[in-house]
Amino acid sequence: MFNNVTFENPEFFWLLLLLLPAIGWYFWKRHRQTAELKISSLGGFKAKSSILAKLRPILLVLRLLALALIIVAMARPRTVDVSTRSSSTQGIDIIIAVDVSASMLARDLQPNRLDATKEVAIEFVKGRPADRLGLVLYAGESYTKTPVTSDKGIVMRALEEIEYNDILENGTAIGSGLATSVNRLKDSEAKSKVIILLTDGVNNSGFIDPKVASELAVEYGIKTYTIGVGSNGTALSPIGILPNGRFQYGNVQVEIDEELLKQIAADTGGKYFRATNNEKLEEIYEEIDSLEKTEIEEFRYYNYDEKFRPLVLLAGALLLFEILLRYTLFRSFI
C-alpha cells in the first residue's frame, strides 16, 4: 500500500516529538494515577493485580500509536501515478540513402562497410523516436526500400535485411540515389527534411547528374549530409568471384569523390563527413543526431491516491480498543 509514498505536508512529523514528553509525563504521574486502598491482606487477588499492573502500560502504547497514526495521516501520505504524453512541435523527415554496391563489402570497416553501416544506422533510428524515417538503396540504379514512416520497427527491419546482391546494376549512381531520396521527401509537410547519403566510391553510373539532384534538393528545401566510407589508402575489397560463388578479395585503392560529396552538402546546407573506421562512423551519426534535433512538448498527468484514510481508521480502532480495555479489564486498577 505504501510503496512510492510521498507526503504532501511533511512538517506535521514534528508533532511526533510531542510523544516523548507524553511518555515522560505518564511515568512521572504514574503513582498518582493509581488509587490507594488499605486492606489487611492482598492474598485473594495478588496474582491478578500483579499481572494487570504489568500490562497496564499497554493502554499508553495504544493511545500513543493512535496519536502517531493521526499525525502521519495529517502529513497526507499519497502515491502518484505519472503518465507522460509527448508531441512533436518540429518533426523531421529523414531519408537514409545507402550505397549497396559490391565495394561496400570491403573489410576496412568491421566486419565490412555495409554491415558496419547497418549497425550504426539502426542505432541512429532508435534515437529518433519523434521523427519519420525512410530508406533508399542504390548501386548502379536506386530504389526505395522503405518510404518515410513513423514505424521505427519497419525501418530497423529493413536496415537489418540489407545485403549485397546482383539485382541492382553494379556501379555507384550517387545522382540516382540522391534524386530518389529527394522524390520521397519533396511532398513532405515536415518543417525539416533531411537526407543522409552514404557512399564509398565515385559517381560512375545512372542517368541523373548528382549536381541536378542536388539542385532539386535545394529547390525542395532538403538538407543533405554526405558520408564517404573507406579508409585512406587501400582496402581489402572484392576483385572477382571464385568458382564456388564467393568473392575473391584483394587490396584495392580507395577512391571517394570527396569534392562532389562536399559540394552536395554545401549546396543543400548540410555537411560532409569521412568515415575511415567503425568508431568514426559512429561519431558521424552521433554528430548528425545532435545537429538535427526535434523539439518535443511533453505533457505530464498526475493521478494522486490519498493514503491517509486507512491510517485514520486504524487510529480510531486503536482508541476504541484502548477505551474498551480502560473501562472493562483495567477498570479497577486505573
Side-chain angles (χ1 to χ4, degrees), residues 87-100 117-118 120-159 161-162 168 172-199 203 205-229 260-273 284-296:
S87 64
S88 172
T89 59
Q90 188 182 351
I92 301 176
D93 280 0
I94 302 173
I95 285 288
I96 301 174
V98 180
D99 184 346
V100 291
T117 297
K118 288 162 53 176
V120 175
I122 287 172
E123 292 303 315
F124 176 80
V125 171
K126 289 180 181 178
R128 312 294 301 193
D131 302 322
R132 300 197 310 162
L133 293 100
L135 180 62
V136 166
L137 304 182
Y138 69 96
E141 51 190 330
S142 65
Y143 74 98
T144 302
K145 177 75 171 177
T146 305
V148 286
T149 176
S150 57
D151 191 332
K152 305 303 181 295
I154 292 177
V155 180
M156 287 189 288
R157 284 194 296 273
L159 283 165
E161 293 169 358
I162 296 177
L168 291 178
T172 304
I174 295 175
S176 297
L178 181 56
T180 301
S181 301
V182 170
N183 188 50
R184 282 299 175 183
L185 290 176
K186 65 183 179 66
D187 296 323
S188 168
E189 297 180 357
K191 293 184 178 180
S192 183
K193 295 174 282 188
V194 172
I195 294 171
I196 302 173
L197 185 142
L198 182 144
T199 184
N203 185 72
S205 298
F207 300 99
I208 301 177
D209 190 306
K211 294 181 180 179
V212 173
S214 180
E215 291 171 359
L216 289 173
V218 172
E219 181 179 347
Y220 290 107
I222 302 171
K223 187 185 299 183
T224 304
Y225 292 98
T226 56
I227 304 174
V229 182
L260 173 62
L261 297 179
K262 288 177 181 178
Q263 190 63 51
I264 292 173
D267 291 343
T268 60
K271 188 175 180 180
Y272 168 71
F273 303 92
I284 289 169
Y285 270 92
E286 288 172 2
E287 183 172 348
I288 295 174
D289 186 51
S290 65
L291 290 172
E292 296 296 331
K293 286 296 184 183
T294 298
E295 295 180 8
I296 301 295

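Source: prediction; values computed, not measured.
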Verdict with reasoning, K145 to E161, per side-chain contact (heavy atoms from CB on, under 4.5 Å)
CA-CA 10 Å; K145 177 75 171 177; E161 293 169 358; 3.7 Å; yes
Please report the C-alpha distance between L197 and I227 in whole Å, then the side-chain angles of each, then the deciding distance to 0.1 Å, and finally whether the side-chain contact (heavy atoms from CB on, under 4.5 Å) criterion is met.
CA-CA 6 Å; L197 185 142; I227 304 174; over 6 Å; no
Yes or no on side-chain contact (heavy atoms from CB on, under 4.5 Å) for L133 and R128, after CA distance, side-chain angles and deciding distance?
CA-CA 9 Å; L133 293 100; R128 312 294 301 193; 4.1 Å; yes
Dump the intermediate steps for side chain to side chain donor-acceptor pair (under 3.5 Å) on Y225 and E292, then the final yes or no.
CA-CA 11 Å; Y225 292 98; E292 296 296 331; 2.6 Å; yes
Using the rule given for side-chain contact (heavy atoms from CB on, under 4.5 Å), can you reason through I95 versus V194, listing the C-alpha separation, both sets of side-chain angles and the distance that settles it, and then say yes or no?
CA-CA 6 Å; I95 285 288; V194 172; over 6 Å; no
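Summarising the geometry of P210 relative to L178, their closest heavy-atom pair is O-CD2, 4.1 Å, with the distance given to 0.1 Å. The two residues G177 and V136 make their nearest non-hydrogen contact at O-CG1, 4.0 Å. What you find for S176 and S142 is that their closest heavy atoms are O-OG, 3.1 Å. Of all heavy-atom pairs between D99 and A139, the closest is OD1-CA, 4.4 Å. Smallest separation of non-hydrogen atoms from A217 and T224: CB-OG1, 4.2 Å. Closest approach of R184 to P147, counting heavy atoms only: NH1-CB, 4.1 Å.
With a 4.5 Å cut-off on side-chain heavy atoms, T180 and L137 do not count as touching. Side chains of Y138 and V98 form no contact here, defined as non-hydrogen atoms less than 4.5 Å apart. Looking at heavy atoms from C-beta onward, T117 lies in side-chain contact with L198 at the 4.5 angstrom threshold. Inter-residue side-chain proximity for I94 and R132 is flagged as unmet; no heavy-atom pair is nearer than 4.5 Å. Using a 4.5 Å heavy-atom threshold, the side chains of K193 and S188 count as touching. Residues F273 and E287 meet the side-chain proximity criterion, which asks for heavy atoms closer than 4.5 Å. In this structure, the side chains of V100 and I162 come closer than 4.5 Å at one or more pairs of heavy atoms. The closest side-chain heavy-atom distance from I222 to T268 is not below 4.5 Å.
Among V125, V155, T146, the one residue that satisfies the side-chain contact (heavy atoms from CB on, under 4.5 Å) test with I96 is V125.
Here the straight-line distance linking atom CD1 of I264 with atom OG1 of T199 works out to 9.5 Å at 0.5 Å rounding. Note that CG of L216 and OG of S181 are 11.5 Å apart. Values are rounded to the nearest 0.5 Å. Note that the CD1 atom of I174 and the CG atom of N203 stand 5.0 Å from one another [nearest 0.5 Å]. Once rounded to the nearest 0.5 Å, the distance linking CG of L291 with NZ of K223 reads 7.5 Å. We find the CG-CG distance between D93 and L185 to be 6.0 Å, quoted to the nearest 0.5 Å. How far CD of Q263 is from OH of Y272: 13.5 Å, rounded to the nearest 0.5 Å.
Using a cut-off of 4.0 Å between Lys/Arg side-chain N and Asp/Glu carboxylate O, K186 and E219 are scored as not salt-bridged.
Panel note: side chain K152, backbone D131; a donor-acceptor pair is recorded below 3.5 Å.
Residue K211 qualifies as open at atom NZ: its count of foreign heavy atoms under 6.0 Å is 12 or below.
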